Chemist: 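Take this structure, written in C-alpha cells, and hold onto it; I'll ask about it next.
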There are 2 protein chains.
Amino acid sequence: MPRAMRADARHNRERLLKIADATFRREGVNASLAEIARTCGIAIGTLYRHFPTRDALLQALIHDQVTSLRENAERLADSDTPREALIEWLQEFGRCASAYQGLAESILAAAAAEGSDLNADVESMRAAAAVLLTKAQKATAIRPDVRPAEVFALACGAGTASHYATADPDRLLRLVVEGLAPRE
Amino acid sequence: MPRAMRADARHNRERLLKIADATFRREGVNASLAEIARTCGIAIGTLYRHFPTRDALLQALIHDQVTSLRENAERLADSDTPREALIEWLQEFGRCASAYQGLAESILAAAAAEGSDLNADVESMRAAAAVLLTKAQKATAIRPDVRPAEVFALACGAGTASHYATADPDRLLRLVVEGLAPRE
DNA sequence: ACCTGAACACCGTTCAAGT
DNA sequence: ACCTGAACACCGTTCAAGT
C-alpha cells in the first residue's frame with residue numbers, strides 16, 4: 001500500500017492477490033497459504049511479509065468492494081423507497097460477503113471481536129447498514145424493534161447459506177427483509 | 001452402537017462423546033481431534049476407530065436432538081397455527097444447529113453434498129421442515145413461492161450468525177419468518 | 001475385539017541469513 | 001528493502017503391532 005514500493009515487491013503483492021483470489025474462490029477462505037505461495041512461486045515468508053495474517057489478505061482482497069459499498073450507502077440514503085434501498089444495499093453486501101466460502105463468517109467474527117485486520121472495514125459496513133436501517137425505520141418501512149446488529153447478522157447468515165443452498169444471496173436477503181410470511 | 005460392545009470400548013466411546021461435546025462447545029466443530037483424544041487419555045487411533053470421520057462424531061453428538069426434532073415435527077404437523085408451529089420447530093432446529101460454532105455450516109454442507117455421515121440425519125430434518133412448511137403454505141400462512149431448501153438455508157444461516165451477533169437464534173428465526181418489514 | 005502409538009504428509013508462523 | 005527457506009510446533013489420518 002505505501003506508494004513507493006520496490007518494483008519486485010509491488011509485482012509480488014499483485015500476483016499474490018490474484019492467486020489468493022482464485023484459490024479462495026475455489027477452496028474458501030481457509031485454503032492453504034502455503035499452497036498460495038507455492039502457486040505464486042514465492043517463498044512463504046514473502047507472503048507473510050505482505051500479509052501478516054489471513055485477515056490482512058482478505059482485507060486487501062475486498063477493499064475495493066468495501067469502498068463501493070460505502071459510496072452506495074451514501075447514494076441510497078436519500079432514496080424515497082427506503083426499504084428497497086436497504087434491500088439493494090444488503091444484496092450488494094451479501095454478494096461481497098459471499099465471494100469466498102467462509103468470508104461471511106470472518107466478517108461476523110470481526111464484527112464481534114477486536115484484533116482483526118477486517119475490523120475497520122467491517123465497522124464501516126456495519127455503520128452504513130445502520131444508517132439505511134434507521135432511515136427505513138423512520139419511514140415505518142422496517143419494524144422499529146430490529147437492531148442493526150441483527151440485520152448485519154442475518155445478512156452474513158444469508159451469505160453463508162447461499163454457498164450451499166440452491167439459492168442466490170439476492171433472493172435470500174429479499175426474503176429476510178420481506179419475511180417468509182405473506183403481507184397481510 | 002452395536003449392542004454388544006466390550007466394556008472398555010463402550011466406556012471409551014462415552015468418554016469420547018463427553019469430552020468432544022465440551023471441546024466443540026468451547027472451540028467449535030473444527031477443534032483438534034488430537035486434543036480431544038489427549039484430554040480423554042486415549043490414543044488417537046482409538047478415536048478414529050470409534051468415529052472414522054469428524055462428521056461421524058458430530059452425528060453421534062446430535063443424534064438425540066435429531067430424534068427429538070423428528071418427533072416434534074410430527075406433533076406440530078397438526079397444529080392449527082401452522083406458522084407458529086413452523087417457527088417453533090425452526091427454533092428448536094436452530095438451537096440444535098448452533099450447539100457448536102460451525103455445526104450449522106456442516107449441516108448445510110451435508111444437505112448439499114453426499115458422502116457425509118450427517119447425510120441421513122440432515123435429510124430427515126430437511127424433510128421435517130418441508131412438511132411443516134407445506135402445511136403452513138396450504139394455510140396461506142407462508143408465502144407460496146418459498147422453497148424448503150431456502151427455509152433450511154436461512155435457519156442454518158441464522159444459527160451461524162447467532163454465534164457472533166448479540167442475538168439468540170430464537171429471535172433471529174422469528175425475524176426471518178415474520179420478516180423485518182412490518183405487517184401491513 | 002479393541003487399543004496403542006509411530007509414521008507420513010501437510011500446515012501456520014517465525015526469523016536468521018541472504019541479495 | 002525485500003526475499004528465501006529452514007525450523008518449530010502442531011494437526012489429520014493410517015496401519016502394523018500389541019493385548
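Naming convention: chains lettered A, B, ... in sequence-line order (proteins, then strands); numbering from 1 in each chain. Given the structure is predicted, the values throughout are model-derived calculations rather than measurements.
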Chemist: Could A:R83 and A:E178 be called an ion pair, given the rule that one side-chain N must be under 4.0 Å from one carboxylate O?
Modeler: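 No, A:R83 and A:E178 are not salt-bridged.
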Chemist: Does OP1 or OP2 of C:dC2 have a side-chain N or O of B:N12 closer than 4.0 Å?
Modeler: no
Chemist: So which nucleotide from D:dG12, D:dC2, C:dT4 ends up closest to the side chain of B:R54?
Modeler: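 Among the listed nucleotides, the one closest to the side chain of B:R54 is D:dG12.
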Chemist: Round to the nearest Å and state the distance from B:L47 atom CG to D:dT13 atom C1'.
Modeler: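 After rounding, the gap between these two atoms is 11 Å.
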Chemist: Taking atom C1' of C:dA16 as reference, at what distance in whole Å does atom OH of A:Y48 sit?
Modeler: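 The distance from OH of A:Y48 to C1' of C:dA16 comes to 18 Å, rounded to the nearest Å.
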Chemist: Assess the side chains of B:R15 and B:N12: does a donor N or O sit below 3.5 Å from an acceptor N or O?
Modeler: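 Absent: no donor and acceptor within the cut-off.
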Chemist: For DNA chain C, list all stems, counting runs of three or more consecutive pairs where every pair is Watson-Crick or G-U wobble with both distances under 3.5 Å.
Modeler: C:4-8 with D:12-16, C:12-16 with D:4-8
Chemist: On DNA chain C, does the nearest nucleotide to B:G41 precede the nearest nucleotide to B:R6 from the 5' side, or the other way round? Give the residue.
Modeler: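 Looking at the nearest nucleotide for each, B:R6 comes out on the 5' side.
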Chemist: At 4.0 Å (heavy atoms only), tell me whether B:H50 reaches a base, stays on the sugar-phosphate, or touches nothing.
Modeler: sugar-phosphate
Chemist: Any idea which heavy atoms bring B:I19 and B:I36 closest together, and the distance?
Modeler: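 Smallest heavy-atom distance, with atoms named: CG2-O, 4.1 Å.
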Chemist: For the pair made of CD1 in B:I36 and P in D:dT13, what is the distance, rounded to whole Å?
Modeler: 12 Å
Chemist: Using atom CE of A:M5 as one end and atom P of D:dA1 as the other, report the distance to the nearest whole Å.
Modeler: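 After rounding, the reported distance stands at 12 Å.
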Chemist: For A:E92 and A:S68, does a side-chain donor sit closer than 3.5 Å to a side-chain acceptor?
Modeler: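 Yes - a donor-acceptor pair under 3.5 Å links their side chains.
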Chemist: If you group Ile, Leu, Val, Met, Phe, Trp and Tyr by side-chain heavy-atom gaps below 4.5 Å, do B:L108 and B:F93 land in one group?
Modeler: no
Chemist: Find the distance B:R38:CZ to D:dA9:P and express it as a whole number of Å.
Modeler: 14 Å
Chemist: Taking CZ from B:F51 and C1' from D:dG12, how many angstroms apart are they, rounded to a whole number?
Modeler: 17 Å
Chemist: I need the CG-P distance between B:L33 and D:dT14, as an integer number of Å.
Modeler: 12 Å
Chemist: D:dA1, OP1 or OP2 - any side-chain N/O from A:R49 closer than 4.0 Å?
Modeler: no
Chemist: Base, sugar-phosphate or nothing for B:S32? Non-hydrogen atoms, less than 4.0 Å.
Modeler: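 Answer is sugar-phosphate: B:S32 comes under 4.0 Å of backbone atoms only.
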Chemist: Taking CD from A:E35 and P from C:dG12, how many angstroms apart are they, rounded to a whole number?
Modeler: 9 Å
Chemist: Please name the pair of heavy atoms, one in B:A97 and one in B:L103, separated by the smallest distance, quoted to 0.1 Å.
Modeler: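 Where B:A97 meets B:L103 most closely, the heavy atoms are O-CB, 3.5 Å.
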Chemist: Say whether, by atom type as modelled, one donor and one acceptor occur between the side chain of B:R54 and the main chain of B:A31 under 3.5 angstrom.
Modeler: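 Checking the backbone N and O of B:A31 against the side chain of B:R54, a donor-acceptor pair under 3.5 Å is found.
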